[in-house]
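In what follows, a structure is listed as structure tokens, so that the remarks can point back to it.
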Amino acid sequence: TESGSLFIQISDENLHHVREIVDEIFGKNNFVTSIAYVKTSGLQAKLIKKTFDFILWYAKDIKQVKIHKLFLKKNAGDEGASKYTSIELSDGTRRPATKEEKINPKINDPSAKLFSLADTTSQGNPIQEFNLNGKKYEGGWKTTIDGMKILAEKNRLHGSKTTINYVRYLDDFPVYEITNLWSDVAGIMSRADPKIYAVQTSTVAIKRCLLMTTDPSDLVLDPTCGSGTMAYVAEQWGRRWITCDSSRVAIILAKQRVMT
């Protein structure tokens, strides 16, 4: 379909060759991105361990491609929340968070909140004076003076020696957008995602590809089904699917997995 996407999993060994071929077929302008995802603790190699594969993402037509942004929950101290290094206590005190508080901000104060400081100025904006807590600051503020006053009233400004920063709390937006680096996918050797085939992709990686680019009832094709991971995930999320393989073993495994 004109709004469809193509995903190809490949190692770094042949990544560039595959890109050259698919550029010819789909056109290089329809290349979306290369997704790197961690698949194992490290394959032994002579020089350096290899821990991730690539997923090449191409669109049939990049101007019409279907896309749904995916998000992960922010957890204190983890990816997506590593910049929240300051803490606000219940009495209003703000200070740098300790190592323990960055992981569990409520360890000493049940009402404590982690926050980060963001820039309130932007180059090119006219320099204006603003008074915060009796101290005068000058800067090219991103908002108007009235806007700065509203932020100050809501206790969203933090003054340092030379500038004013915006206070962004961790729970303001408790999720962060998934990028093209999937460091949280990991391997498939687990009770929830057991390995049943020699070459098998994590259900998490397949699920993200499906949820990013399809809607329920959309049709998905996997021409090399292996253990049937794509069909298995598509069935869970209400997508129609077609899959096949040249190996009878793979077909039997895929059938059993989907039916049971």
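These values consider heavy atoms only, across backbone and side chains, with no hydrogens, waters or symmetry-generated copies.
Considering only heavy atoms from C-beta on, Asn155 comes within 4.5 Å of Glu88 through its side chain. At least one side-chain heavy atom of Arg156 sits less than 4.5 Å from a side-chain heavy atom of Asp172. The closest side-chain heavy-atom distance from Leu151 to Tyr166 is below 4.5 Å. For the pair Asp215 and His68, the minimum side-chain heavy-atom distance is below 4.5 Å. At a threshold of 4.5 Å between non-hydrogen side-chain atoms, the residues Ile251 and Cys225 count as touching. Between Arg94 and Val167, some side-chain heavy-atom pair lies under the 4.5 Å cut-off.
Formation of a donor-acceptor pair under 3.5 Å by the Thr1 side chain with backbone atoms of Gly4 is not found in this model. Here the side chain of Lys102 pairs no donor or acceptor atom with the backbone of Leu114 at under 3.5 angstrom. The backbone N or O of Ser90 lies less than 3.5 Å from a partner atom in the side chain of Asp109, making a donor-acceptor pair. Of the possible donor and acceptor atoms, one in the side chain of Arg239 sits under 3.5 Å from a partner among the backbone N and O of Thr214.
A distance of 11.0 Å separates CD of Glu138 from CD1 of Ile164, quoted to the nearest 0.5 Å. The CD1 atom of Ile10 sits 8.0 Å away from atom CG of Asp53, with the distance rounded to the nearest 0.5 Å.
Using cut-offs of 30° and 60° for the angle between ring planes, the His158 and Phe115 rings count as tilted.
With hydrogens and angles left out, the side-chain atoms of Thr93 and Asp91 include a donor and acceptor closer than 3.5 Å. Side-chain contact, Ser227 with Arg257: a donor N or O sits under 3.5 Å from an acceptor N or O.
Residue-environment remark: NZ (Lys28) stays at or below the threshold of 12 foreign heavy atoms within 6.0 Å. Surrounding CD of Glu20 are more than 12 heavy atoms belonging to other residues, nucleotides or ligands, all under 6.0 Å away. For Glu129, the CD atom sits in a packed shell: over 12 heavy atoms of surrounding residues, nucleotides or ligands are nearer than 6.0 Å. Atom CZ of Arg95 sits in a crowded spot, with more than 12 heavy atoms from other residues, nucleotides or ligands closer than 6.0 Å. In the displayed structure, Gln128 atom CD is contacted under 6.0 Å by more than 12 heavy atoms of other residues, nucleotides or ligands. Atom NZ of Lys66 sits in a crowded spot, with more than 12 heavy atoms from other residues, nucleotides or ligands closer than 6.0 Å. Shown here is Lys255, whose NZ atom has no more than 12 heavy atoms of other residues, nucleotides or ligands within 6.0 Å. The environment of NZ in Lys83 is sparse: at most 12 heavy-atom neighbours from other residues, nucleotides or ligands sit within 6.0 Å.
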Derivation of the side-chain hydrogen bond (donor to acceptor under 3.5 Å, both in side chains) call for Lys74 and Tyr84: CA-CA 10 Å; Lys74 288 179 182 176; Tyr84 293 85; 3.0 Å; yes
Please report the C-alpha distance between Phe173 and Arg168 in whole Å, then the side-chain angles of each, then the deciding distance to 0.1 Å, and finally whether the side chain to side chain contact (heavy atoms under 4.5 Å, CB included) criterion is met. CA-CA 9 Å; Phe173 193 58; Arg168 180 176 285 117; over 6 Å; no
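Across Ser5 and Val65, no two heavy atoms sit closer than the pair OG-CG2, 3.3 Å. Considering every non-hydrogen atom in both Cys209 and Thr213, the closest pair reads O-OG1, 2.7 Å. Here the shortest heavy-atom pairing between Phe130 and Ala152 reads CZ-CB, 4.3 Å. Minimum heavy-atom separation, Leu72 to Asp184: CD1-OD2, 3.5 Å.
For residues 6-36, the ring-ring contact (aromatic ring centres under 6.0 Å, His included) pairs, not counting sequence neighbours, are Phe7-Trp57, Phe31-Tyr58.
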